[in-house]
Amino acid sequence: MSDLDVDVLVVGAGPVGLFGAYYAGARGLRTAVVDSLSQVGGQVAAMYPEKQIYDIAGFPSVSGRRLIANLVEQAAPYEPAYLLGQEAQRLERSPQGRLQVKTSTGTDISAGAVIVTGGIGTFTPRPLPAGEEFLGRGLAYFVPDSAEYAGRDVVVVGGGDSAVDWVLMLHPVARSVTLVHRRAAFRAHQGSMAQLTASPVEIITNAQVTATTGGDRLERIELSTGQTLPCQRLVAALGFVANLGPLREWGLDLHDNRHLVVDSAMRTNVPGIFAAGDIADYDGKVRLIATGFGEVATAVNNAAVYLDPGAQLFPGHSTDQPAPV
């Protein structure tokens with residue numbers, strides 16, 4: 001018996017996967033979305049939540065955080081099941097032809113079709129040299145909500161866009177914010193760096209976290225410079241390692257060992273498995289979020305026909321349909 005039985009399983013909860021959840025719901029398909037990260041949003045939420053994105057049609061600019069929130073809201077009327085913090089691993093096919101996927105937490109999912117929207121693969125945060133024992137007790141890799149940082153002493157570690165974005169977001173609400181980077185040079189966007197240097201945030205360079213101390217929760221950290229800082233919230237923004245992981249064992253054709261080869265219907269070489277977004281590859285591919293939105297709509301429509309050969313490939317325009325309740 002499966003723990004979950006759906007028409008479509010979307011693997012990857014980034015922008016493309018979330019739009020796929022909406023579109024599948026709009027086509028009347030029961031949908032689940034699985035992602036190895038503990039929050040939706042994929043690379044956008046993990047690496048540049050506060051950055052403005054300028055190439056989404058209809059939005060002169062939109063922050064990564066707002067884009068993800070809008071996509072979740074758009075899909076919400078169709079109640080997709082979100083399976084977060086678990087990786088799609090083993091794939092089998094049932095005697096009836098359905099795709100059986102087991103996740104890293106042991107969840108069994110039976111799906112008529114699978115759409116892989118995994119971006120550049122499974123994200124694994126790069127760990128700090130010290131402090132992993134406080135994960136969930138002061139140490140975090142994401143900042144989904146600034147409210148829990150209010151009135152706290154916060155240390156953000158990193159030198160890229162995510163680190164600087166989170167510092168700029170948190171310093172208005174936190175008691176203090178310190179940015180620690182192991183180098184003198186930063187990789188963050190020039191505009192963000194200008195905001196950072198104009199802020200009251202303390203910046204410590206050429207330093208790493210060497211020790212963390214506290215009781216039930218984190219209380220302070222020590223740096224390689226010999227400094228000790230009060231710290232109730234430590235944000236590790238050291239980047240992520242991404243790879244296809246178990247998808248390599250699914251029998252899918254790969255291009256450059258990183259992307260899934262698809263045809264114009266977004267079909268892979270495995271019947272019932274489609275791909276869209278950055279992970280999909282074909283001649284002339286342009287890797288933009290906007291491109292992925294169109295690809296996943298194509299994938300969903302072709303998956304609908306795969307599930308029911310009598311179904312229409314093109315379901316009509318959304319303006320022809322009643323609004324979701």
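Here T178 pairs with nothing under the side chain to side chain donor-acceptor pair (under 3.5 Å) rule; sequence neighbours left out. Partners of R90 under the side chain to side chain donor-acceptor pair (under 3.5 Å) rule, at least two apart in sequence or in another chain, are E92. R137 pairs by the salt bridge (Lys or Arg N to Asp or Glu O under 4.0 Å) definition with nothing, not counting sequence neighbours. Listed by chain and number, the residues in a salt bridge (Lys or Arg N to Asp or Glu O under 4.0 Å) with R30 are D5, D7 (sequence neighbours excluded). Residues passing the side chain to side chain donor-acceptor pair (under 3.5 Å) test with Y23, sequence neighbours excluded: N301.
Side-chain contact between V40 and L84 is present, with at least one heavy-atom pair separated by less than 4.5 Å. Contact annotation: the side chain of L247 approaches that of I279 to within less than 4.5 Å [non-hydrogen atoms, C-beta and beyond]. The side-chain heavy atoms of I115 and V300, taken from C-beta on, include a pair separated by under 4.5 Å. Side-chain contact between P80 and Y22 is absent, with no heavy-atom pair separated by less than 4.5 Å. Residues L254 and R248 form a side-chain contact, since some pair of their non-hydrogen atoms from C-beta on lies under 4.5 Å apart. Annotation: side chain of Q74 is in contact with side chain of F19 (closest heavy-atom distance under 4.5 Å). By the 4.5 Å heavy-atom criterion applied to side chains, C231 and F134 are not counted as neighbours. Between V114 and W250, the closest side-chain pair of non-hydrogen atoms falls below 4.5 Å.
When only modelled atom types and interatomic distance are considered, R98 and S110 share a side-chain donor-acceptor pair under 3.5 Å. E219 and T213 form no side-chain donor-acceptor contact under 3.5 Å, judged by distance and modelled atom types alone. For the 3.5 Å distance criterion, the side chains of D153 and S176 qualify, holding a donor opposite an acceptor. A donor-acceptor pair shorter than 3.5 Å can be found between the side chains of Q232 and R175.
Linking Ile, Leu, Val, Met, Phe, Trp and Tyr whenever their side-chain heavy atoms come within less than 4.5 Å leaves I56 and L288 in two separate clusters. One hydrophobic cluster, built from ILVMFWY side chains closer than 4.5 Å, holds both V8 and V72.
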Check against side-chain contact (heavy atoms from CB on, under 4.5 Å), L91 and I273: CA-CA 11 Å; L91 172 71; I273 300 183; 3.7 Å; yes
For this session: Determine, step by step, whether E132 and L139 satisfy the side-chain contact (heavy atoms from CB on, under 4.5 Å) criterion, reporting the C-alpha distance in whole Å, the side-chain angles of both residues, the deciding distance to 0.1 Å, and the verdict.
Result: CA-CA 7 Å; E132 285 294 304; L139 170 64; 3.9 Å; yes
Just do the side-chain contact (heavy atoms from CB on, under 4.5 Å) check on V116 and L260 with the steps written out, would you?
-> CA-CA 9 Å; V116 181; L260 307 184; 3.9 Å; yes
inquiry  = Would L179 and L196 count as a side-chain contact (heavy atoms from CB on, under 4.5 Å) here? Give the steps.
reply    = CA-CA 10 Å; L179 178 60; L196 175 66; 3.6 Å; yes
Side chain to side chain donor-acceptor pair (under 3.5 Å), that's the test. Do T212 and E133 meet it? Break it down for me.
CA-CA 9 Å; T212 54; E133 67 272 20; 3.2 Å; yes
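Annotation for D283: atom CG does not count as buried by contact number, only 12 or fewer foreign heavy atoms lying within 6.0 Å. For E73, the CD atom counts as loosely surrounded, since its 6.0 Å shell holds 12 or fewer non-hydrogen atoms of other residues, nucleotides or ligands. For D55, the CG atom counts as densely surrounded, since its 6.0 Å shell holds more than 12 non-hydrogen atoms of other residues, nucleotides or ligands. Counting non-hydrogen atoms of neighbouring residues, nucleotides and ligands closer than 6.0 angstrom, the CD atom of E79 reaches no more than 12 such neighbours. Environment of CD in E148: crowded, with over 12 heavy atoms of neighbouring residues, nucleotides or ligands closer than 6.0 Å.
Between the side chain of W166 and the backbone N or O of S146, no donor-acceptor pair lies under 3.5 Å. When atom types are taken as modelled, the side chain of T291 and the backbone of V286 share a donor-acceptor pair closer than 3.5 angstrom. Proximity of a side-chain donor or acceptor of D253 to a complementary backbone N or O of V261 within less than 3.5 Å is not detected. Using modelled atom types, one side-chain atom of N269 and one backbone atom of G251 make a donor-acceptor pair closer than 3.5 Å. The main-chain N or O of L29 is found under 3.5 Å from a side-chain atom of T31 such that the two form a donor-acceptor pair.
For the atom pair OG of S199 and NE2 of H171, the computed distance is 5.0 Å after rounding to the nearest 0.5 Å. Atom CD1 of I109 and atom CG of L83 lie 5.0 Å apart (nearest 0.5 Å). The CD atom of E222 lies 14.5 Å from the CD atom of Q208; values are rounded to the nearest 0.5 Å. Rounding to the nearest 0.5 angstrom, the gap separating the CD atom in Q43 from the CG atom in L37 is 10.5 Å. In this structure, the separation between CG on D161 and CE on M193 is 10.0 Å, given to the nearest 0.5 Å. Note that the OG1 atom of T107 and the CD atom of Q86 stand 4.0 Å from one another [nearest 0.5 Å].
In this structure, K102 does not pair ionically with E87, as no charged nitrogen and carboxylate oxygen lie closer than 4.0 Å.
Closest of all the heavy-atom pairs between V34 and A88 is CG1-CB, 4.1 Å. Contact between L99 and G272 at its shortest, heavy atoms only, is CD1-O, 3.6 Å. Closest non-hydrogen pair, A13 versus V33, comes out as CB-CG1, 3.7 Å. Contact detail for V62 and L67: the closest heavy-atom pair is CG2-N, 3.7 Å. Between I204 and L229 the shortest heavy-atom distance is CD1-CD1, 4.1 Å. Residue L4 comes nearest to A32 through the heavy atom pair CD2-CB, 3.6 Å, listed as atom of the first residue, atom of the second, then distance.
Checking each of H259, R287, R258 against D281 for a side-chain hydrogen bond (donor to acceptor under 3.5 Å, both in side chains) leaves exactly one that passes, namely R287.
Cluster note: Y282 groups with V262, M266 through ILVMFWY side-chain heavy atoms spaced under 4.5 Å, whether in direct contact or through intervening members.
The aromatic rings of F186 and H181 lie tilted to each other, with the angle between the two planes from 30° to 60°.
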